[in-house]
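For reference, the structure discussed in these notes is given below.
Please read these numbers as outputs of a predicted model, since none were measured by experiment.
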Amino acid sequence: MRETNRKPAEPEGEPARHLSSEALEAGRRALAADAFDLGRVTAIVRRLEDGRREVLGRSPLTASEGVPGDDWSRRPPRDPEAQLAVMRTAVARLIANGQPLTTFGDNLFVELDLSAGNLPTGTRLAVGRAIVVVTAKPHDGCAKFHARFGADALRFVQAKPTRHENRRGIYWKVVEDGDVAHGDLVRVLARPASDGVG
């Protein structure tokens, strides 16, 4: 499937590396559990105007721009609910199967359980010196994801029985500006109350 709206330098993916549903499930079962309350940033990525990805050692996270210079700030309507795309590092590596993590369109890769059970909408986290909140917007695979990682990978992240695991990742928005660096801690500060008030 060829992307007509693809930017010139965007990653295309390597079909030879696409994994089957069986291989993805076997790989998922073999993953070690990530931390629930205290994780780590393993990569910070900025999507440039021509589609290239820039891996950053350090970056501000701001309420006005997300990752400054990232494509989010150039793409109307700049939905604050989709400001920072975040993915669990181990799951991203499984799906990528040797492709660079920059093949995804995500800004942050973290060693932290991103499931809805652990990080429900409204959870506040410290990411380096910034404070973010988990938004309600689903982070779903799209046609570009399908092209880069294959039909089985798209089913793997979209399957209704496991959708709560957020295999494709989640979105955060910045509520307090601050710097984040590769290797910084990600700390859960507060989860919403079980009755939805928080």
Side-chain angles (χ1 to χ4, degrees), residues 1-15 39-89 91-93 95-96 99-110 112 114 119 121-150 153-154 157-158 166-184 186:
M1 177 176 5
R2 198 77 176 159
E3 285 299 310
T4 56
N5 62 345
R6 198 180 146 269
K7 295 180 178 178
E10 273 188 345
E12 290 193 44
E14 300 175 42
R40 195 167 295 280
V41 175
T42 62
I44 308 161
V45 181
R46 175 166 52 199
R47 297 162 298 177
L48 302 178
E49 195 165 4
D50 62 0
R52 286 180 299 120
R53 276 43 167 168
E54 181 181 18
V55 178
L56 305 170
R58 174 180 297 276
S59 176
L61 298 180
T62 72
S64 60
E65 295 182 277
V67 175
D70 181 62
D71 193 45
W72 177 84
S73 63
R74 292 184 295 274
R75 192 183 335 129
R78 287 172 49 128
D79 180 0
E81 296 293 295
Q83 188 178 54
L84 297 173
V86 184
M87 198 166 182
R88 181 180 166 205
T89 304
V91 173
R93 286 182 177 146
I95 294 169
Q99 297 182 74
L101 294 189
T102 52
T103 307
F104 295 95
D106 295 74
N107 302 112
L108 298 174
F109 293 87
V110 297
L112 187 71
L114 299 181
L119 300 183
T121 300
T123 300
R124 291 172 65 92
L125 305 101
V127 183
R129 296 181 176 275
I131 307 295
V132 302
V133 65
V134 177
T135 75
K137 187 176 181 71
H139 190 11
D140 296 319
C142 60
K144 290 180 181 180
F145 184 93
H146 178 282
R148 291 168 185 159
F149 305 109
L154 188 61
V157 299
Q158 290 184 340
N166 291 324
R167 294 174 177 182
R168 177 62 191 93
I170 59 178
Y171 287 111
W172 293 343
K173 66 179 174 183
V174 180
V175 292
E176 289 185 28
D177 297 1
D179 284 356
V180 62
H182 179 272
D184 274 357
V186 180

Nearest-0.5 Å distance that lies between atom [atom1] in [X] and atom [atom2] in [Y]:
| X | Y | atom1 | atom2 | result |
| --- | --- | --- | --- | --- |
| E14 | F149 | CD | CZ | 10.0 Å |
| R167 | L114 | CZ | CG | 13.0 Å |
| W172 | L61 | CH2 | CG | 9.0 Å |
| L108 | M87 | CG | CE | 13.0 Å |
| Q99 | E12 | CD | CD | 11.0 Å |

Between [X] and [Y], which heavy-atom pair has the shortest distance, and what is it?
| X | Y | answer |
| --- | --- | --- |
| I44 | V180 | CD1-O, 3.6 Å |
| D106 | V86 | OD2-N, 3.6 Å |
| W72 | D79 | NE1-O, 2.9 Å |
| E176 | V174 | O-CG1, 3.5 Å |
| T135 | P80 | CG2-O, 4.3 Å |
| P68 | P60 | CD-O, 3.1 Å |

Judged by atom type as modelled, is there a donor-acceptor pair below 3.5 Å linking the side chain of [X] to the main-chain atoms of [Y]?
| X | Y | answer |
| --- | --- | --- |
| T42 | F109 | yes |
| Q158 | D140 | no |
| R74 | G69 | yes |
| E65 | S73 | no |

Original post:
Between L101 and T89, does a side-chain contact (heavy atoms from CB on, under 4.5 Å) hold up when you go through it step by step?
Top reply: CA-CA 8 Å; L101 294 189; T89 304; 4.3 Å; yes
Subject >> CA sep, side-chain torsions, deciding dist, call: L119, N166, side-chain contact (heavy atoms from CB on, under 4.5 Å) >> reply: CA-CA 10 Å; L119 300 183; N166 291 324; over 6 Å; no
Original post:
For D184, what residues pass the salt bridge (charged side-chain N to carboxylate O under 4.0 Å, His left out) criterion, not counting sequence neighbours?
Top reply: none
**OP:** For atom CZ of R78, decide whether the heavy atoms of other residues, nucleotides or ligands shown that lie under 6.0 angstrom number more than 12.
**Re:** yes
Donor-acceptor contacts under 3.5 Å from residues 48-55 side chains, at least two apart:
unit_1: D50; atom_1: OD1; unit_2: R52; atom_2: N; d: 3.0
unit_1: D50; atom_1: OD1; unit_2: R52; atom_2: NE; d: 3.4
unit_1: D50; atom_1: OD2; unit_2: R52; atom_2: NE; d: 2.8
unit_1: R53; atom_1: NE; unit_2: T102; atom_2: O; d: 3.0
unit_1: R53; atom_1: NE; unit_2: F104; atom_2: O; d: 3.4
unit_1: R53; atom_1: NH1; unit_2: G51; atom_2: O; d: 2.9
unit_1: R53; atom_1: NH2; unit_2: F104; atom_2: O; d: 3.4
unit_1: E54; atom_1: OE1; unit_2: R46; atom_2: NE; d: 3.0
unit_1: E54; atom_1: OE1; unit_2: R46; atom_2: NH2; d: 2.8

Original post:
Can you name the one residue among L84, V45, L56 that meets side chain to side chain contact (heavy atoms under 4.5 Å, CB included) with N107?
Top reply: L84
Original post:
Run the side-chain contact (heavy atoms from CB on, under 4.5 Å) check on L112 and L125 step by step: do they pass?
Top reply: CA-CA 11 Å; L112 187 71; L125 305 101; 3.8 Å; yes
